Amino acid sequence: MQSNKTLKNDSLRYNEYYDVQNLYDELYSHAKSGGKFSNLMDKILHKENILVAYRKIKTNNGSLTAGHNKHTINDLEKLTPDELVLQVRKRLANYHPHKVERVMIPKANGKLRPLGIPTIEDRLVQQCIRQVLEPICEAKFYDYSFGFRPNRSTTHAMARCYHLMQRNNLHFVVDIDIKGFFDNVNHGKLMKQLWHLGIRDKTLLKLISKMLKAEIIGEGIPTKGTPQGGILSPLLSNVVLNELDWWIHSQWNGMKTRHKYSEGISVNRALKSTKLKEMHIVRYADDFKIFCRTLKEAKNIKIAVTQWLQERLHLEVSEEKSKIVNLKKKYSDFLGFKMKVVRKGIKWSAHKASCKDKFTVRSHMNQKAFDQTVNKIKTAVKQIQHGKPNELPKNIGIYNATIAGLHNYYDTATHISKDFHKVDYLTIKIRKNRFKDLKTKTGTISKFIEEKYGDSKGIHYLCKMAIIPLAKISHKAPMQFTQEISSYSESGRQLIHKKLNSNIEFKITLLMRNPVMGETVEYNDNRLSRFSAQKGKCAVTKMELEVNEVHCHHQIPRHLGGDDKYSNLIIVHEKVHQLIHVVKNEVIERLVTELNLNDDMIKKVNTLRRKCKLETI
DNA sequence: CGATTACAGAT
RNA sequence: CACAUCUGUAAUCG
């Protein structure tokens with residue numbers, strides 16, 4: 001339907017570079033068909049799996065923040081690929097995780113969130129494991145679990161809620177709040193759950209167990225919980241609650257699953273005597289809603305789930321924060337929104353009688369999101385006022401990006417326009433005051449603003465830059481998740497990801513297999529990115545390069561302080577590379593004629609030579 | 001079209 | 001000083 005939109009998935013692209021997608025696909029399909037896995041360590045320690053893990057964590061936000069041993073990504077990037085691989089293999093041969101750093105960060109609601117930050121080495125190890133576990137788990141996860149999962153978003157979760165409310169007519173919703181979910185995950189139970197999913201490699205399970213029991217600084221060795229901040233934690237959290245998804249599912253769909261998940265449990269007395277009840281779970285990490293048809297059913301399932309979580313997963317439920325909402329009367333909060341149902345106007349239908357009980361969804365931002373939004377806008381405004389004059393364009397850009405970002409997220413609420421009119425009203429004073437000296441009659445308008453907001457009555461300009469009209473936002477119906485989409489099958493990927501040109505892909509694989517010896521992982525990794533970005537062509541001559549002709553040049557040489565970063569590397573033909581560095585005149589002339597360079601190309605060579613502090617030719 | 005960096009959101 | 005995962009959008013560079 002919208003296939004010509006720009007669809008790109010970095011993670012999948014990296015898998016292509018390192019030729020590991022097949023490995024993950026096989027894990028997925030084997031798991032789908034009920035297979036078990038008793039030897040996963042080989043795959044985790046696979047050379048390319050380790051290198052792609054490095055690739056994926058190196059650009060993380062925190063790759064420059066040190067864990068307990070003070071190491072950052074800078075300490076890993078200077079190793080050669082072989083050294084890095086060897087380091088990981090050695091550590092995992094006899095794994096002793098480093099201590100975990102404890103940091104408290106403020107949440108949006110004012111409370112603190114306890115983070116556990118593993119060292120960069122342990123984050124790398126966790127990423128290696130995650131890459132192998134994820135395909136297996138993805139094959140087993142429930143369709144309507146949306147948090148922490150590839151290709152799924154809050155929008156899909158909202159779309160599912162809307163569907164259940166107005167198509168299935170389920171107007172009672174149960175909210176259950178688990179007390180400190182991440183910090184209370186039961187280790188032993190988690191191990192059993194992994195086993196149940198078919199992950200039966202004892203070495204691996206032992207490894208994960210050790211990881212969970214890594215000492216937290218100032219708190220000692222944990223007996224439960226999975227560190228928020230660990231790379232594996234989101235996946236493990238889904239493993240834990242996946243069992244809940246299927247248990248709820250079994251209450252409505254068929255006896256087969258029902259037996260499997262209710263076996264030997266005394267808790268569901270509230271559900272036992274009755275027939276199957278229609279109920280559906282929509283889950284986003286530990287935040288979930290269960291939609292039901294009647295209040296009585298809602299009450300029963302609330303009791304049953306509370307007991308089930310307690311007995312089965314050893315998790316406590318907060319009675320005060322858990323509740324049942326009648327969506328015909330009240331709003332229910334979810335993922336920054338609040339939603340309810342209202343009677344559909346009867347005049348629009350030819351058959352009044354049939355339409356009497358039709359309900360439609362009404363949604364807004366919730367109160368917390370509303371307050372946050374007002375604050376975000378106020379700080380962006382202040383930043384424009386208090387910032388240095390030379391930073392004005394940048395700060396106006398940030399202001400626009402802020403509003404664009406907010407609009408972009410909240411436009412799936414049906415009555416979002418009303419909310420933003422209120423936001424507009426609440427911030428009009430501060431904006432008027434602080435912008436009045438900066439206002440201009442006209443200015444430049446970016447294509448994006450033009451297209452999305454251009455027909456608005458009056459676009460305003462600050463310092464000759466268009467600013468986005470705050471109140472102009474219209475509702476966009478959220479899209480349902482199409483279950484065919486998957487990162488782990490050829491057909492599922494086609495819906496989200498455009499494959500590399502196969503010729504380029506082939507060459508990249510060859511380059512990957514033949515790293516430049518003595519150079520770092522960072523260099524060799526960026527060499528692949530650059531080659532791909534230049535579509536396999538020489539930056540100077542634009543000719544397509546054979547693999548043996550590919551040279552990766554440091555624009556600023558290392559002896560002048562140049563690094564191995566992407567921005568400092570460039571792919572050129574090997575002879576062009578010679579030409580950039582050579583000083584003897586006769587060699588220069590020979591190369592220029594051999595390469596048949598025109599003026600334009602020589603100009604490029606000269607800019608590269610200048611960066612190396614060499615005479616131009 | 002490749003990569004990177006900025007913004008927004010959820011947990 | 002503040003981690004991780006997932007998602008969306010735009011801008012910049014070649």
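Sequence lines set the chain letters: A, B, ... in the order given, protein chains first and strands last, and positions in each chain run from 1. All values reported here derive from a predicted model rather than from experimental measurement. Hydrogens, waters and symmetry mates play no part in the numbers below; they use all other heavy atoms, side chains included.
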Report the distance from atom [atom1] of [X] to atom [atom2] of [N], rounded to the nearest whole Å.
| X | N | atom1 | atom2 | value |
| --- | --- | --- | --- | --- |
| N395(A) | dA6(B) | CG | P | 14 Å |
| E451(A) | rU9(C) | CD | P | 14 Å |
| N408(A) | dA6(B) | CG | C1' | 14 Å |
| I467(A) | dC7(B) | CD1 | C1' | 17 Å |
| Q534(A) | dC1(B) | CD | C1' | 13 Å |
| I449(A) | dC7(B) | CD1 | P | 16 Å |
| N60(A) | rU5(C) | CG | P | 4 Å |

For this session: Not counting sequence neighbours, which residues clear side-chain hydrogen bond (donor to acceptor under 3.5 Å, both in side chains) with K476(A)? List them please.
Result: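 In terms of side-chain hydrogen bond (donor to acceptor under 3.5 Å, both in side chains), with neighbours along the sequence ignored, K476(A) is linked to D411(A).
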
Seminar exercise, completed: Applying side-chain hydrogen bond (donor to acceptor under 3.5 Å, both in side chains) to N408(A) and not counting sequence neighbours gives none

Exercise. So K58(A) and N526(A), side chain to side chain donor-acceptor pair (under 3.5 Å) or not? Walk me through it.
Worked result: CA-CA 11 Å; K58(A) 75 170 187 184; N526(A) 287 326; 3.0 Å; yes

Exercise. NA contact type, R530(A), heavy-atom cut-off 4.0 Å: base, sugar-phosphate, or nothing?
Worked result: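 It contacts nothing in the nucleic acid.
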
For this session: Please work out if F448(A) contacts a base, only the sugar-phosphate, or nothing of the nucleic acid, heavy-atom cut-off 4.0 Å.
Result: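 Sugar-phosphate contact only - F448(A) comes under 4.0 Å of backbone atoms but never of a base.
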
Exercise. P atom, rC3(C) versus dA6(B): distance in rounded Å?
Worked result: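 Their P atoms lie roughly 14 Å apart.
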
Exercise. Which of residues 137-155 of chain A sit near RNA chain C, with a heavy atom under 4.0 Å from it?
Worked result: F148(A), R149(A), P150(A), N151(A), R152(A), S153(A)

Problem set entry | Among K56(A), H497(A), R493(A), side-chain hydrogen bond (donor to acceptor under 3.5 Å, both in side chains) partner for N15(A) | K56(A)

Exercise. Looking at M479(A) and H156(A), what are the two nearest heavy atoms and their distance?
Worked result: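 Scanning both residues, the minimum pair turns out to be O-CD2, 3.3 Å.
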
Problem set entry | Residues E450(A), K447(A): salt bridge by 4.0 Å N-O rule | no

For this session: Identify whether the distance between the nearest side-chain nitrogen and carboxylate oxygen of R283(A) and D245(A) falls below 4.0 Å.
Result: yes

For this session: Return the nearest nucleotide to the side chain of I231(A); candidates are rA4(C), dT11(B), dA10(B).
Result: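 The answer is rA4(C).
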
Seminar exercise, completed: Winner on side-chain proximity to R123(A), out of dT11(B), dG9(B), rA4(C), is rA4(C)

For this session: Check whether any side-chain N or O of Y399(A) sits under 4.0 Å from OP1 or OP2 of dA8(B), and answer yes or no.
Result: no

Exercise. Are OP1 or OP2 of rC6(C) and a side-chain N or O of R130(A) less than 4.0 angstrom apart?
Worked result: yes

Problem set entry | 5' precedence on DNA chain B between G336(A) and S532(A) (nearest-nucleotide basis) | S532(A)

